[in-house]
Each structure stands twice: as C-alpha cells, then as structure tokens.
Peer 1: 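Pasting a structure here, questions to come.
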Amino acid sequence: MRMGAVYTAFFLFAFALPFETGVFAQEQGEPAEMQIKASVKAAPKKPPGTSRKKARVRAPTRRSGGVLAKHLEMAVLVDAQSRSLEAQFRAISARYATANSITPGSPYVEGLQRNSAAGNLRNFNETELEVGMPLWLPGQRDAFAGTVTTGLVEVEERLALRRLEVAGVLRDAWWTAQRAAREVSVARNRVATARDIGADMTRRVELGDAAQTDALLAKNETLAAETELAQSEGAVKVARATYAGLTGGAQPDGKLESVRPPIDIEEHPALRAPVAALARARAQAELVDATPIPSPEIGIFGRQEHNDQYSTDPSQQISDQRTDATTVGVRIRIPLPTAGRNEPRRAEALAEMDRATAEYERAKLVVLAEIKAAHASLAAAQRAAKLANSRLTVANDQFELSRKAFKLGEISAFDLYRVRQIQLEAQRMEANAEINVGVAISRLNQAQGYAP
C-alpha cells in the first residue's frame with residue numbers, strides 16, 4: 001500500500017464520520033428531533049404536551065383572563081430573571097445535540113512527520129496519520145440524556161416559581177396604588193366639605209351670627225384639607241409610575257382578583273421547584289455512577305516509512321538500497337477508575353440530593369404556614385371591614401346631626417369640627433379596611449401559589 005492509498009482511506013473515514021451522525025438519526029425513517037426525544041428518559045410530573053423548545057410552564061390552577069393575568073404577562077416579559085431562566089432553558093436544550101451524538105466528545109485527526117537529521121540512514125522519512133473518537137460507556141448516554149431532561153424540567157419549575165414571585169410584587173404594587181387612590185378620594189371629600197362649611201361660616205360671620213375665630217377655624221381646616229389632597233395626589237402618581245415600571249407601561253385600573261379555590265399543596269410552585277431539583281440531582285448521581293472513568297478513545301492509524309541505505313558488504317559494489325514500509329493499526333486508550341476521581345463526584349451528587357430534599361421540606365412548612373396565616377388575615381380583614389363600614393354610617397349620621405345643630409346655634413364651631421374629625425377618621429378607616437380585604441385576598445392567592 002502506497003502513501004496515496006493511506007491518505008485516501010483516512011480522508012474517506014473522516015468524511016463518513018459526520019455523515020454517519022446524521023444518518024443515525026434518520027435510519028428509522030424519523031426526524032432527528034424524534035430520535036432525541038426517544039433517547040431520553042421521561043421527566044417526572046412533566047405534562048405530555050410540554051415542548052422543550054419553548055419555556056412554557058404550567059400553573060397550579062386554570063389561568064383566567066383579567067387585569068392581573070394581562071399585566072403579569074407584560075411584567076414577566078420585562079423581568080430580567082425570567083429572561084435569564086429562559087436563556088438557561090435554551091442553553092440546556094442545546095445539550096440534546098450531545099445526547100444524540102454517536103460520540104460524547106469530538107472526533108480527532110492526528111498527524112506525524114519525521115525526517116532523519118544524522119546517522120547511517122539517508123533520506124529517512126516517516127509519515128503517520130490517525131483518526132479516532134471517544135466512546136460512550138455502557139449506560140452513560142442515557143444517563144446524560146436524563147440530566148438534560150431533568151435539567152429542563154427544573155428550569156421550567158423555576159420559571160413557574162419566578163412567575164409567582166413577579167405576581168406577588170405586582171399585587172403589592174397594585175394595592176399600594178389602590179390605597180393611594182382611596183386616600184385621594186377621602187382627601188377630595190375632605191376638601192369639598194371643608195370649603196362648604198367654610199363658605200357657610202364666612203356668611204355667618206358677615207351676618208354677625210358667628211365670631212371671627214370661627215372663620216379662622218374654617219380657613220385652617222380648608223388649608224389642612226388642601227395640603228392633604230396635594231400630598232395624596234403626589235403619592236398616587238408615584239404609585240402608578242412604579243406599577244407602570246413593573247409592567248412596562250400598564251396602569252393599575254380595573255378589578256384585580258377574587259379568592260381562588262385551594263389547590264393540592266404538592267402543585268405549589270415553591271414545592272415543585274425543589275422536587276424538580278431533586279430529580280435533576282438524582283439524574284446527575286446516575287450519570288456519575290455510569291461514568292467511572294473518562295471516555296475511552298479508539299483510533300485508526302497508518303504509517304509510511306522509507307529511506308536510502310548504503311550497502312557495506314565488501315564483496316559487493318557500493319550502492320544505495322531503498323527501503324520502505326507501510327503500517328496500518330488500531331489504537332485504544334482506556335483510563336482506569338480511581339477513588340480520587342470518583343468519590344468526590346459521587347459525594348457532590350449526594351450532597352445536592354440532600355440539599356434539594358431539605359429545601360423541599362423547608363418550603364413545605366413555609367407554604368403551609370403562609371396559607372394558614374393568609375386565611376386568618378382574610379377573615380380578620382373582612383370582619384374589620386364590616387365594623388368600619390358600620391362605624392362610618394354612624395359617623396355620617398352624627399355629622400349630619402351636628403351640622404343641623406350648628407345651624408340652629410345649639411353647638412359651637414369647635415364642636416362641629418371635632419365631630420367632623422371623627423367622621424374623617426371613620427372614612428379613612430373604612431377605606432383602609434376595604435383595601436385590606438383586597439390585600440388579604442391577593443395574599444391568600446399568592447400563598448396558595450396562584451399566578452394567573
């Protein structure tokens with residue numbers, strides 16, 4: 001075999017290697033993507049229709065159209081951590097290319113060229129060419145594919161948990177804006193009433209039915225009401241701007257949400273995420289067990305040698321003698337397992353499983369406590385709202401009677417404004433109590449893991 005034949009054989013082998021990779025996925029008449037899916041293990045609790053090309057996560061309950069659902073979609077789109085998780089999802093998905101490959105690493109081409117520099121050989125020339133690739137260990141490919149699948153499921157669950165976290169931030173910002181709007185409403189009512197009483201007081205002073213001190217008292221109340229209104233209007237602008245920053249421009253207008261039905265505690269995103277992390281850690285432990293050594297390597301090589309040599313036999317005429325040889329062979333490299341390599345990897349995998357288990361147990365305790373506290377908070381807020389509404393009714397009746405008594409000269413202006421302050425306090429309490437009910441509903445939905 002001459003050098004040209006050796007080169008031709010190696011080039012054909014190198015050309016056929018990537019072609020064989022593509023044919024491997026098509027040999028059953030199925031697309032490559034189907035072969036990838038068939039080669040990996042089924043993920044625990046993964047819905048049948050979930051695609052690994054898109055980071056679509058499932059919610060613990062049905063998503064409903066509404067203000068919060070629409071605004072939450074907008075908030076997730078501009079959330080940096082959600083986008084980072086989506087990018088991580090795509091990065092892990094790319095590892096399916098390795099799981100679908102016939103080799104765990106890259107094939108290689110190696111060459112050698114040597115020429116003599118001194119000695120009794122003239123024109124010595126050695127050329128060697130080798131091609132090879134690393135090999136999958138038994139069970140290693142399936143174990144690697146399992147880490148990819150479980151890794152994708154974990155990212156999906158972390159996306160669902162992040163969506164719930166964004167919903168919690170959005171709910172808090174919503175109710176901050178609603179509370180500020182209610183405070184503006186109370187402040188405007190205070191200004192209108194103060195101006196009405198002030199005009200009546202000024203008229204009574206002009207008619208001589210009231211002292212100048214009563215007019216000053218009315219003016220002081222009007223200025224205090226206008227100051228409170230200005231502060232409240234500034235606060236509501238800030239709250240609305242903050243909400244718009246979270247959603248990318250949407251404003252907190254409309255009705256937010258009602259109490260959602262309870263869900264299975266195991267479907268809570270805060271519990272699904274550590275469960276997925278545990279499955280991924282278990283898959284990593286299986287990969288460690290399936291990879292006791294680095295990947296073996298196999299290669300095919302060819303060597304061609306030739307040189308010119310003097311004949312030193314005294315009985316013969318001095319002449320050059322040419323020698324040449326062509327060699328073809330196989331090289332195999334198999335590393336040996338050692339405790340120094342494998343024990344740290346196995347311990348790290350087991351530690352990750354322990355961490356995920358502890359995180360799940362802790363999250364379950366926290367979720368149960370939050371749901372219990374949210375139920376108690378909602379019951380207390382609803383009870384307080386009823387009492388605050390009853391108090392406001394009494395305060396309104398008391399103020400109307402006081403105004404009539406003031407016009408009849410039965411009470412002084414100071415007594416009228418003291419009753420007015422009681423009514424204002426009742427209005428603020430009623431407004432806060434109503435907002436607190438909405439906040440308690442949102443916190444209950446949040447504690448139950450509901451992100452529309």
Side-chain angles (χ1 to χ4, degrees), residues 67 71 170-206 210-247 249-256 381 384-385 387-407 411-440 442:
V67 173
H71 291 185
L170 209 58
R171 284 169 168 134
D172 290 342
W174 172 280
W175 289 114
T176 298
Q178 298 302 316
R179 192 182 300 276
R182 287 301 303 270
E183 290 174 356
V184 168
S185 178
V186 173
R188 285 174 179 167
N189 179 268
R190 181 184 181 185
V191 168
T193 304
R195 288 174 179 173
D196 184 39
I197 296 176
D200 183 53
M201 196 75 69
T202 301
R203 185 171 57 255
R204 291 172 63 87
V205 170
E206 292 174 352
Q212 184 64 31
T213 55
D214 292 344
L216 293 176
L217 185 61
K219 186 175 182 180
N220 189 3
E221 168 62 17
T222 301
L223 290 174
E226 291 174 347
T227 301
E228 182 183 1
L229 176 60
Q231 293 173 343
S232 300
E233 289 176 341
V236 78
K237 289 179 181 179
V238 171
R240 291 177 70 85
T242 301
Y243 189 88
L246 293 174
T247 60
Q251 294 296 330
D253 299 322
K255 185 178 180 181
L256 189 62
L387 294 173
N389 188 63
S390 299
R391 184 194 176 192
L392 179 59
T393 301
V394 173
N396 289 337
D397 293 341
Q398 184 180 9
F399 179 68
E400 291 301 324
L401 292 175
S402 298
R403 287 198 69 174
K404 292 178 181 179
F406 175 73
K407 291 180 180 180
I411 62 173
S412 65
F414 182 80
D415 293 333
L416 175 63
Y417 279 111
R418 186 170 58 182
V419 175
R420 172 57 178 158
Q421 290 301 321
I422 295 175
Q423 185 194 34
L424 281 174
E425 182 183 352
Q427 288 176 348
R428 295 191 184 100
M429 184 174 291
E430 190 274 339
N432 282 329
E434 184 178 349
I435 294 297
N436 288 341
V437 171
V439 172
S442 291

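All residue numbers in this chain count up from 1 along the given sequence. These numbers come from the heavy atoms of this one structure, side chains and all, not from hydrogens, waters or symmetry mates.
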Peer 1: Could you list the residues that satisfy side chain to side chain donor-acceptor pair (under 3.5 Å) with Asn189, not counting sequence neighbours?
Peer 2: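 Asn189: side chain to side chain donor-acceptor pair (under 3.5 Å) contacts with Gln427.
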
Peer 1: Any heavy-atom pair between the side chains of Lys407 and Leu416 that's under 4.5 Å?
Peer 2: no

Peer 1: Might you point out which heavy atoms bring Ala194 and Thr222 nearest each other, and give the distance in Å?
Peer 2: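 Scanning both residues, the minimum pair turns out to be O-OG1, 3.4 Å.
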
Peer 1: How far apart are the closest heavy atoms of Leu229 and Ala187, and which atoms are they?
Peer 2: CA-CB, 3.7 Å

Peer 1: Measure the CD-CD1 distance between Glu430 and Ile435 for me, rounded to the nearest 0.5 Å.
Peer 2: 9.5 Å

Peer 1: What distance do Asp415 atom CG and Phe406 atom CZ have between them, rounded to the nearest 0.5 Å?
Peer 2: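 The CG atom of Asp415 sits 10.0 Å away from the CZ atom of Phe406.
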
Peer 1: How long is the gap from CG on Asp214 to OG on Ser412, to the nearest 0.5 Å?
Peer 2: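 Separation between the atoms: 7.5 Å.
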
Peer 1: What's the shortest heavy-atom distance between Ala239 and Ala180, and which atoms?
Peer 2: CB-CB, 4.5 Å

Peer 1: Rounded to the nearest 0.5 Å, what separation is found between the CG atom of Leu401 and the NZ atom of Lys404?
Peer 2: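 Atom-to-atom, Leu401:CG and Lys404:NZ are 6.5 Å apart.
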
Peer 1: Using a 3.5 Å distance criterion without hydrogens, assess whether the side chain of Thr393 forms a donor-acceptor pair with backbone atoms of Asn389.
Peer 2: yes

Peer 1: Show, in sequence, the C-alpha distance, side-chain angles and deciding distance for Gln423 and Arg420, and conclude whether the side-chain hydrogen bond (donor to acceptor under 3.5 Å, both in side chains) test is met.
Peer 2: CA-CA 5 Å; Gln423 185 194 34; Arg420 172 57 178 158; 2.4 Å; yes

Peer 1: Please give me the minimum heavy-atom distance between Ala385 and Val437, naming the atom from each residue.
Peer 2: CB-CG2, 3.7 Å

Peer 1: Of the non-hydrogen atoms in Ala218 and Gly198, which two are nearest, and what is the gap between them?
Peer 2: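 Heavy atoms of Ala218 and Gly198 come nearest at CB-CA, 3.8 Å.
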
Peer 1: Tell me the salt bridge (Lys or Arg N to Asp or Glu O under 4.0 Å) pairs involving residues 219-232, sequence neighbours left out?
Peer 2: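 Residue pairs passing salt bridge (Lys or Arg N to Asp or Glu O under 4.0 Å), neighbours aside: Arg190-Glu221, Arg190-Glu228, Arg195-Glu226, Glu228-Arg428.
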
Peer 1: Knowing that exactly one of Gln251, Gln178, His71 qualifies, which makes a side-chain hydrogen bond (donor to acceptor under 3.5 Å, both in side chains) with Tyr243?
Peer 2: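 That would be His71; it is the only one of Gln251, Gln178, His71 passing the side-chain hydrogen bond (donor to acceptor under 3.5 Å, both in side chains) with Tyr243.
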
Peer 1: Please evaluate residues Lys255 and Val67 with respect to the criterion side-chain contact (heavy atoms from CB on, under 4.5 Å), reporting the C-alpha separation (whole Å), side-chain torsions for both, the decisive distance (0.1 Å), and the verdict.
Peer 2: CA-CA 7 Å; Lys255 185 178 180 181; Val67 173; 6.0 Å; no

Peer 1: Verify side-chain contact (heavy atoms from CB on, under 4.5 Å) between Glu425 and Arg391, making sure each step is shown before the conclusion.
Peer 2: CA-CA 10 Å; Glu425 182 183 352; Arg391 184 194 176 192; 3.6 Å; yes

Peer 1: Hey, what do you get for CG (Leu424) to CG (Leu392), rounding to the nearest 0.5 Å?
Peer 2: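 Leu424 CG to Leu392 CG: 10.5 Å, rounded to 0.5 Å.
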
Peer 1: Can you tell if the side chain of Arg171 reaches within under 4.5 Å of the side chain of Val439, non-hydrogen atoms only?
Peer 2: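 The answer is no, as the side chains (C-beta and beyond) never meet within the 4.5 Å cut-off.
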
Peer 1: Could you report the tightest heavy-atom contact between Ile422 and Ala395, atom names first, then the distance?
Peer 2: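 Shortest heavy-atom contact: O-CB, 4.4 Å.
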
Peer 1: CG of Leu256 to CG of Leu170: how many Å apart, nearest 0.5 Å?
Peer 2: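 Reported to 0.5 Å precision, the distance equals 8.0 Å.
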
Peer 1: Taking the side chain as every heavy atom from C-beta outward, state whether Ile197 and Tyr417 have any pair of such atoms under 4.5 Å apart.
Peer 2: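 The answer is yes, as the side chains (C-beta and beyond) meet within the 4.5 Å cut-off.
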
Peer 1: Which residues pass the salt bridge (Lys or Arg N to Asp or Glu O under 4.0 Å) test with Asp397, not counting sequence neighbours?
Peer 2: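 Expected list: none.
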
